Amino acid sequence: MRVVFMGTPDFSVPTLQALIDSPYEVVGVFTQPDRPKGRGGKVQMSPVKELALKHDIPVFQPLKMRLDGLEPLRELKPDICVTAAFGQILSQDVLDVPPMGTVNVHASLLPRHRGAAPIQWAILSGDATAGVTTMYSDKGIDTGDMLLKCETPVLPEDTAGTLSDKLAQMGAELLIDTLRQIEAGTCPREKQDEAQSTYDPKIEKEMGLLNFEEGTEKCLNRVRAMSPWPCAYAQLGEGVLKVWRAKAAEGCANAIPGTVLKADRKLGLIVATADGAMELCEIQAPNAKRMDAKAFLLGHAIEEGKLLSEVRI
RNA sequence: CGCGGGGUAGAGCAGUUUGGUAGCUCGUCGGGCUCAUAACCCGGAGGUCGUGGGUUCAAGUCCCACCCCCGCAA
């Protein structure tokens, strides 16, 4: 079976790898164009492109799939297309190319968390379980018929990063299963229940801002959901204090949310929230690298009793 | 050549402007005190100050080059 794969970030890599290792023939890979990234503005290729090149698979990087991607795709004559976090919306022209359709690997238990950032939203929403769904792509965004599903609990220590790694792996296996069952004609197919569906926007940097007026649990979820990108942060004087890891702590009855309750090299850095307090365990000051808050306090004094946003360092 | 910050003991920082004995907090090791310690007291070890050149009687500090780390912007 001739398969064309479309994907871009790390999440897509295990699925492509699984296809390469499978009996299916990966005849081409579509991925986002190389873009300037990181310090110095050097252009970098996507993780998917790196893997594809390593296996001498033809790589295509159309700016817009429906424009300059359509012809190359037709020429590849795929039986089926597989997408996983490709990053482009496929128009009907594109979906019409493979006779067996386009199967998408989506990192949520659909119909919950449609959209580009399902993993972050699962954590942000406090979901107890997350998962992967394979589905046929249609014209809408993650609205197509569902095929197979796989669940996993969201652990208290999970971040978007760790959960994404797990789901990527699960998704890869699930996809191979799905293709097998499609070939065998045994794959279940189920419409999504629109009433249960949620569509979540993509993550913006500003969504990392911690609001201590929210309860401890919501703040902790935000810390986990925004790691490793964009990373949760709190206002600290002129700059921002990134918060990589945090946990619940004992509060103080009438403290204003955002108050520094403790800033002690033994006890750590503890900030009041609306319904308690949270310890900022691993932090990162401007221009500094991430470190244990207790280590940070060895070299920096933070005044207890002030609002974190008014502290000078 | 996108903009900026940084590399000093195991950790986190000061010292660099104005060159002149390597400093703080913590950890660590040894000793003491205490019913007890996230407590306190005494003592010790631990540094080619990122790398290589240069200037100087003298460089962590000034000059040049390079390496590595980080933030912003994309």
Side-chain angles (χ1 to χ4, degrees), chain A residues 7-12 31-50 59 61-65 68 85-89 115-117 120 159-161 164 201-211 222-252 255 259-272 276-306 308-313:
Chain A
T8 300
D10 288 320
F11 177 82
S12 322
T31 191
Q32 295 275 29
D34 299 354
R35 297 220 165 85
K37 241 186 175 161
R39 232 163 274 128
K42 295 178 281 277
V43 292
Q44 285 180 20
M45 58 180 79
S46 73
V48 160
K49 180 177 175 182
E50 283 191 44
V59 173
Q61 299 178 275
L63 222 50
K64 294 271 182 208
M65 209 47 216
D68 46 339
F86 176 42
Q88 289 194 30
I89 295 170
Q120 288 90 330
T159 63
S164 177
K202 66 179 187 181
I203 301 298
E204 306 283 349
K205 197 175 304 182
E206 299 71 40
M207 293 171 61
L209 179 61
L210 287 169
N211 175 9
R222 187 170 299 275
V223 169
R224 297 192 298 139
M226 297 300 134
S227 170
W229 193 89
C231 188
Y233 59 92
Q235 196 72 36
L236 177 78
E238 306 283 301
V240 297
L241 185 72
K242 287 191 171 187
V243 181
W244 287 99
R245 202 160 41 78
K247 64 183 180 193
E250 202 160 314
C252 171
T259 304
V260 178
L261 297 178
K262 289 268 181 279
D264 185 284
R265 51 197 55 152
K266 299 278 188 197
L267 300 172
L269 179 58
I270 297 176
V271 178
M278 59 193 283
E279 177 179 355
L280 313 184
C281 303
E282 192 179 11
I283 60 179
Q284 183 171 18
N287 293 324
K289 52 181 153 187
R290 57 193 283 186
M291 66 181 80
D292 204 88
K294 291 169 185 169
F296 179 83
L297 290 168
L298 288 172
H300 302 86
I302 292 182
E303 201 177 327
E304 294 178 357
K306 287 178 90 167
L308 190 58
S309 55
E310 292 173 354
V311 167
R312 313 233 155 227
I313 55 165

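The figures here come from the full heavy-atom set of this structure, side chains too, leaving out hydrogens, waters and symmetry mates. The shown structure was predicted, so the numbers you read here are calculated from the model rather than taken from an experiment. So you know, we letter chains A, B, ... as the sequences are listed, proteins then strands, and number each from 1.
Under the Watson-Crick or G-U wobble criterion, with both distances below 3.5 Å, C40(B) is paired with G32(B). Of all nucleotides present, only G50(B) satisfies the Watson-Crick or G-U wobble test against C66(B), with each distance under 3.5 Å. Summarising the base pairing, U21(B) is matched to no nucleotide, lacking a Watson-Crick or G-U wobble pair whose two defining distances lie under 3.5 Å. Base pairing of G10(B) is made with C26(B), judged by Watson-Crick or G-U wobble geometry with both donor-acceptor distances under 3.5 Å. Across all strands shown, C72(B) is found opposite G2(B) as a Watson-Crick or G-U wobble partner, with both distances under 3.5 Å.
Using atom P as the reference point in both U25(B) and G20(B), the two lie 22 Å apart (nearest Å). Going from the P atom of U18(B) to that of C62(B) covers 9 Å, rounded to whole Å. Taking atom C1' in both C72(B) and G30(B), the straight-line distance is 48 Å, to the nearest Å. Comparing the C1' positions of G27(B) and A74(B) gives a spacing of 41 Å, expressed to the nearest Å. The gap from the C1' atom of C26(B) to that of G19(B) amounts to 31 Å, rounded to the nearest Å. Nucleotides C63(B) and A73(B) have their P atoms positioned 31 Å apart, rounded to a whole Å. Taking the C1' atoms as reference points, G47(B) lies 12 Å from G10(B), given to the whole Å. Comparing the same atom, C1', in G60(B) and in C42(B) gives a spacing of 31 Å after rounding to whole Å.
M45(A) is not listed as a side-chain neighbour of V59(A), based on a closest heavy-atom distance of 4.5 Å or more. For the pair E304(A)/D264(A), a side-chain contact is recorded, criterion being any heavy-atom separation below 4.5 Å from C-beta on. Proximity of M207(A) to R222(A): side-chain heavy atoms (C-beta onward) are separated by under 4.5 Å at one or more points.
Using a 4.0 Å cutoff to heavy atoms of chain A, the contacted part of RNA chain B runs 5' to 3' from G2(B) to A74(B).
When all heavy atoms of I203(A) and P230(A) are compared, the pair lying nearest together is CG2-CD, 3.7 Å. Residues A255(A) and L261(A) approach most closely at CB-CD2, 3.8 Å, considering heavy atoms.
At the heavy-atom level, P286(A) lies nowhere under 4.0 Å from the strands shown. At a threshold of 4.0 angstrom between heavy atoms, the contacts of R39(A) include nucleobase atoms, whether or not backbone atoms are also involved. Within the 4.0 angstrom heavy-atom criterion, base atoms lie near G38(A). If you check every strand for non-hydrogen atoms under 4.0 Å, K294(A) touches nothing.
Counting non-hydrogen atoms of neighbouring residues, nucleotides and ligands closer than 6.0 angstrom, the CD atom of E250(A) reaches no more than 12 such neighbours.
Among L241(A), L209(A), I283(A), the single residue meeting the side-chain contact (heavy atoms from CB on, under 4.5 Å) criterion with Y233(A) is L209(A).
Summary of the strand contacts: K37(A) and Q284(A) both lie near RNA chain B, and taking for each the nucleotide with the nearest heavy atom, the more 5' one is attributed to Q284(A). Map N287(A) and G299(A) each onto its nearest nucleotide of RNA chain B; the residue landing nearer the 5' end is N287(A).
Listed by first then second residue, pairs satisfying side chain to side chain donor-acceptor pair (under 3.5 Å) with a partner in residues 287-301 of chain A read E282(A)-R290(A), not counting sequence neighbours.
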